[in-house]
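Single-structure report; data block below.
Letters A, B, ... mirror the listed sequences (proteins, then strands); counts begin at 1.
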Amino acid sequence: MSMRTVNFTINGEAKSVQAESRQLLVHCIRETLGLTGTHVGCETSHCGACTIDLDGEPVKSCTMFAVQAEGKSLTTVEGLAVGGTLNPVQEGFWEEHGLQCGFCTPGMMITATALLRTVNEPTETEIREAISGNLCRCTGYVNIVKAIQYAQRKMHPTPAPEAVLQGGD
Amino acid sequence: MIPAAFEYVVAHSLEETVGLLAKHGSDAKILSGGMSLIPAMKLRLAQPAFIIDVNGVSGLEYIREEHGELRIGAMTREAALERSTLVKHGYPILFETARVIADPLVRNRATIGGNLAHADPANDHPATMLALGATIVAHGPNGDRLIPIDEFFPSFFASALEPDEILTEIRIPAPGVRNGGAYIKFERKVGDYAIAAVAVNLTLDAHDTCIAARIGLTNVTDVPARASSAEASLVGHRITDQAIADASRLAAHQSDPKSDLRGSAEYKRDLVRVLAGRAIGRAVSRARGGSH
Ligand SMILES: Cc1cc2nc3c(=O)[nH]c(=O)nc-3n(C[C@H](O)[C@H](O)[C@H](O)COP(=O)(O)OP(=O)(O)OC[C@H]3O[C@@H](n4cnc5c(N)ncnc54)[C@H](O)[C@@H]3O)c2cc1C
Ligand code: FES
Ligand code: FES
């Protein structure tokens, strides 16, 4: 069995773990590091429950080997809240009832957080496209979209009236 | 869903990659985005003994126009193609292709080189590259080798790459005047492979006569293929509604879909007809529209 030492940063903390080459990143995160907020839904690269942020981009951690995380910076759902304060996306899911069973929620929030970091004012269509790799079997997506819009408003409060006039579409 | 054990090596240069490929032969597999390879390994459809991770090879992620061609580094991610204004405005057919591949999470990792090297007739880039008349650059022990896309898919799930070659670049001729292209895909749900898709790239002269046409088909043939009879029916003729309808029927006739969960062969063949008609129509209006 070929074991390797893998060094990466996860939720701001430097880690050094032992991983067999074939170990999937999601299993390293859940089993080696005990961060079980990242879920395994399908194992076949379809559902997005395993979504983590890898160097600023949401990716499916069941479709990467742990050894590929060498030198990378990872964020999982456990790393979204800062100092016990929910991030705007988490707050949005809370306020807008953006979940039912919650299984898809960690991946959904990682994707949404990455979206709002790169696009200030996504349209509803852009939000729906961005989360199209994250499947939710409960909510019908309506409140998930509302939750992300809540976060967007919170992060970028309503601009001055003249900007609203120009920006309306 | 645990892949079989393998030895993992990170390559830092093309030379190192080619050396490792030469040493391990068909036991080795290159790992790019991993979005086709890892799912296949989980299902144990692929059990390579050596994985050569080329994500550490720098200089393979770029999109630029040079020498009258669009040149794309093999490690360019789908997400980068989608974000590129050069692609969006200059090569709308390529933009349309990248955007409908899998889902945004997959597109953050998946590479254009991997998409072509995998030679899956269900993948979207092969048809588009056939329509665009692309050239594949393969790097091996003797340096670069240029492979015309028409020779790149010799048989089922096989590419023309030698076991000791890595795909490094894709070259697409820059569109001339009155050239236009389009890619139209029909899928069961967002992120799925195509039930069928059609790529069209054509050129009109000043009188609206078609002087060149290439049409690629996705997921309706055993290997990525062109609808050559449909192409031939367009070239030399003015593009009328009747000409589009005739070409679309020929494209459908040349497709050879299999019945599966995505639909019956009859349904898929008729879908090719409909999509070909739409794609030709869109390509024509882009060709008439000027620059692209
Ligand atoms: C859920 C899901 C949905 C998908 N839907 C679509 C879709 O709708 N349309 C579509 O086109 N694709 C789809 N894909 C496939 C995806 O686009 C793959 O990423 C792509 O087919 C392969 O690219 P990759 O970089 O991930 O290659 P990898 O998975 O890393 O490699 C694939 C194969 O190519 C070889 N290879 C990779 N790079 C090179 C290279 N530079 N030189 C030589 N050989 C190389 C590898 O050894 C391997 O055999 C989907 C994938 C998933 C997981
Ligand atoms: S568990 Fe990774 S995509 Fe479903
Ligand atoms: S809340 Fe149950 S799957 Fe999304």
**Item:** Atom group of A:Gln23 that falls short of 4.5 Å from chain B, counting heavy atoms
**Value:**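 Neither part; nothing is under 4.5 Å.
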
**Item:** Chi angles and distances behind the side chain to side chain contact (heavy atoms under 4.5 Å, CB included) call for A:Glu129, B:Asp103
**Value:** CA-CA 8 Å; A:Glu129 278 182 6; B:Asp103 60 58; over 6 Å; no

**Prompt:** Is a salt bridge present between A:Glu57 and B:Arg109, judged by a nitrogen-to-oxygen distance below 4.0 Å?
**Reply:**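 Looking at A:Glu57 and B:Arg109, the cut-off is not met.
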
Heavy-atom cut-off 4.5 Å, strictly under: side chain, backbone, both or neither for [X] against chain A?
X	value
B:Ala102	neither
B:Arg83	side chain
B:Asn55	side chain

Return the option, out of [options], with the maximum number of heavy-atom pairs under 4.5 Å with chain A.
options	value
B:Arg107, B:Met35, B:Lys189	B:Met35
B:Ala4, B:Gly56, B:Pro104, B:Gly191	B:Pro104
B:Asp192, B:Leu31, B:Ile51	B:Leu31

Around atom [atom1] of [X], are there more than 12 heavy atoms of other residues, nucleotides or ligands at under 6.0 Å?
X	atom1	result
B:Arg278	CZ	no
B:Phe186	CZ	no
B:Lys23	NZ	no

**A:Arg22 side chain to B:Lys42 backbone, donor-acceptor under 3.5 Å** = no

**Request:** Answer yes or no: is there a donor N or O on one side and an acceptor on the other, between the side chain of B:Asn108 and the main chain of A:Val59, under 3.5 Å?
**Result:** no

**Fill in**
Looking only at A:Leu54, A:Asn134, A:Val67, most heavy-atom pairs under 4.5 Å shared with chain B are made by A:Val67

